[in-house]
Every structure is written in structure tokens, then in C-alpha cells.
Amino acid sequence: MYILVINGGSSSLKYQLFDMDTRKVMAKGLCERIGKGGHMRHTAAGREKLEFDIDIPDHTFAAKLVVDKLTDPQYGVLSDMSQIGAVGHRVLHGGQWFSESVVIDDAVIGAIEKCIPLGPLHNPANLMGIRACAAVMPGVPQVAVFDTAFHQSMPKSSYIYPIPYEFYEKYAIRRYGFHGTSHRYVSGRCAEILGGDPADHNIIVCHLGNGSSLCAVRGGKCFDTSMGLTPLDGVEMGTRSGAIDPAVVSTLCEKTGKSPTYVVDQILNKESGLLGVSGLSSDFRDVNAAADAGNERAVLARDILIHTIRHYIGAYAAEMGRVDALVFTAGIGENNAALREHVTDTLGFMGVEIDREKNLNPDRAEELEITAPGARVRTFVIATNEELMIAMDTERLVAAKTSKND
Ligand code: AMP
């Protein structure tokens, strides 16, 4: 079966086509600047790459372009649209409604709409992707895979904020957590590598990319995670502050005369983190290179990142009482050996020690154990693959629905 995975943004539509027999990506690409001009990139296995400007007025037009390219005799890999067995969508926020992926119907669309206040930028864009695919591929089953779903297993003590309880009851203000599909995939792979019963393993996953979050996974389920009501909480990120004293917001409003919305949406979400501290870049490669060259603010930005990652690792070790594995993933976690070495440098007390040579990952392995001989906790680098996880969920749910209907 071929499954199309869609990640709909407000002005973009990213896609990957999986052959589920081999679990390989057969084609992938991106339509961007939707509604503001338009540009498309498309690559398919064994085909010439394609990149061109084209007016893309809306997401439905973008979805049609995707299907056109996938079935194009020269650039495509499918002979006919009917070969697409199902479509899996990445959806940011499932609120308290969704603790797992679901086949999309009208009720699901209604619930995703109800979550718009919790994901005001992403959920409407995700819905545009869903509606576009429904229009272009009528009758093809669609599945929603939520970034928040994996974290719905957290105990109340992890997700209730210590503010008046009525705000949780009235407005559903609580910790939700994000990157759930990545944490589920990576912790699942780690549990497979560890072997035995996944219910016996306690794993800490460090998803370190442009956006970063850590997750404590106890017995295959999320126990705690560092992002909160929104993806602003937790460790220092590319442009996001991560956790700070909330009184910083009111103080900044007073000092700058800006509104709370401006302070949170602009300053804390877009001008802070590695960029805000270093004054140079939100990209860890740039900050790291400047820090290595002696730039003091870059050193500080890097030190804060290391400090905040360790802060959550320590907290999660204490919360779970035992850690069996520590995993690094995403852009920084997978690629930056120095950061992994810095972070783990002080973790010997809890049984984490890494092998410096293996940590360099000279072969650029996608899955690599970097544990030092004799260390109590096993440490891994595991490349995340949210798209494959979405494709696997989609295949499973569509097969279950088909067998129920038979
Ligand atoms: P992601 O959001 O997972 O795509 O990760 C983006 C982050 O990963 C950026 O901060 C990049 O600087 C960082 N990154 C990507 N490749 C590398 C690399 N080879 N070495 C260090 N950092 C990297």
C-alpha cells in the first residue's frame, strides 16, 4: 500500500509518499508560498528533481499539484491516483480529545476545530490540508496523527499547573506537550533495541532541534514532558525562551509598553532562545561555531542550552526513580556530538557515561549506541522519523477500519 503523509502549514504543504511494503519514501516535496505566489519542489526515487514557481492560490490547488506530480509519467512514481491507499496528516493539537491517532470523519474535524484556540497557528493550517486532500482524493481514507496525543498518558501531577483549578476546568489550561509523534517513535525504537518487555523500561528522550523538548517515558507511556500549554515551555530553543518566570512577561510589558501578546508571541517565541542570547543566529551550528571561536554571548547561549537540558534530565530521573536509557534525537541531538558530550559530562552520578569515540558517529549511523563500557544507563542516538510513524499509524488504522467493515 502507498500512503501519503501530509504536513499542512499556513502557506505550505509538505508531503512524503511511503511504500509500506518496504517502508521507504518513494517521493517527497513541498508546495510553499501558497496564496502569496507559489513554489514547488518535488523529488521521487530514481527520477529527476523538479523545482519551479507556479501560482498556488490555495491548499486544494497544492494538493492537486502533489497528486499531479506523483502520477506524472516523467517525475512521478505512481501510474494512477487510486494507488494512494490512505493519507496521514500531522495535526498539532488534539487537546484532551485525542490520546491516539484517528480515522478522520466529520466529528474528528469538529474536534480539531475546537482545538483551534490551543493551536491557533497550526490547527487551521492542518485542517486546510485535510480538506484539500478530501477534495482532491474523494473517498481515500484520511488519518489524523496528533503531536499532543502521546502525552495524554501523563499523570495529573505532571500536567496540572499549580494555578486556580477552575482555569483548568473552564479553559482546559494545562500542560499538553508536543513532538509526541517523535517521542513515541524514538522511545519505541529504543525499547525495541533494549529488548524485553517495553513496560519495564524507563527512557528519557531529548528531542533537540529548532524546537526542543524532553520526555520521560515510563513503561512505554509519557510520564512528563517539558513543553506545556504551548511549545514555548521547557529548554532553550532556536528562538524560543523555554521556561522562564511568568512575571518576566508583566515586567517586560511595563518596561517596553508592549502588550502581553506581543511579549509572548514576538519576544519570547521569536526573538529569544539561542538567537536572543547570542545575538547571532537561531541555528545551533552558527552559535556553536561562534562559541568555539570564543564569542562570549555564543558561549553563554550554548551553556544555557546545556544547563536546561540537564535540568530536565535530572528532574525526570528523580521523578521516575530509575532510568534505563537516554536518547538524543532531531537536528541537534542527532548531529552534534559535542553537545551530547557536554550534556552527559555531569551525569555520571546517575549512571550515564558515554564512549567519546563512538559518540563522534563517524559513519553517521541513524541508530547508534554510545554507552561507555560498564555504564548503568544506556545512551543512544536515534534519528527521529515522524513521517514514518504517521504512515504506520495510518496503515494500521485504515486496515482495522477495513476489516471491521468487511
Ligand atoms: P530540526 O528542527 O530537527 O530540523 O533541527 C534544526 C537544528 O538542528 C538547527 O539548530 C541546526 O543547527 C541543527 N543541526 C542540523 N544539522 C546539524 C549538524 N550537522 N550539526 C549541528 N547541528 C545541526
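Each ligand, and each atom within it, is numbered from 1 in the order the structure gives.
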Checking a contact table here: which protein heavy atom is nearest [atom], and how many Å away?
{"atom": "atom 13 (C) of ligand 1", "answer": "I332 CG1, 3.6 Å"}
{"atom": "atom 22 (N) of ligand 1", "answer": "R285 CG, 3.5 Å"}
{"atom": "atom 3 (O) of ligand 1", "answer": "G331 N, 2.9 Å"}
{"atom": "atom 16 (N) of ligand 1", "answer": "N335 ND2, 3.3 Å"}

(message) For a quick check under 3.5 Å, do Q152 and Q96 share a side-chain donor-acceptor pair by atom type?
(response) no

(request) Check step by step if salt bridge (Lys or Arg N to Asp or Glu O under 4.0 Å) holds for R218 and D200. (result) CA-CA 8 Å; R218 193 170 72 170; D200 292 338; over 6 Å; no

(message) Looking at atom 20 (N) of ligand 1, tell me if a protein heavy atom falls under 4.0 Å from it.
(response) yes

When only distance counts, is [X] in polar contact with ligand 1, meaning an N/O pair under 3.5 Å?
{"X": "H207", "answer": "no"}
{"X": "N210", "answer": "yes"}
{"X": "A330", "answer": "no"}
{"X": "D283", "answer": "yes"}
{"X": "F284", "answer": "yes"}

(request) With R174 as the cation and Y159 as the aromatic partner, state whether NZ or CZ is under 6.0 Å from the six-membered ring centre and within 45° of the axis. (result) yes

(message) Whether K258 engages the ring of Y262 as a cation-pi pair (distance to the six-membered ring centre under 6.0 angstrom, angle to the ring normal within 45°) should be assessed.
(response)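 The answer is yes, since K258 meets both limits relative to Y262.
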
Whether [Y] and [X] form a salt bridge (side-chain N of Lys/Arg under 4.0 Å from carboxylate O of Asp/Glu) is what I want to check.
{"X": "R297", "Y": "D303", "value": "no"}
{"X": "D233", "Y": "R175", "value": "yes"}
{"X": "R131", "Y": "E113", "value": "yes"}
{"X": "R33", "Y": "D53", "value": "yes"}

(request) Could you list the atoms of ligand 1 found under 4.0 angstrom from a heavy atom of N336? (result) 21 (C)

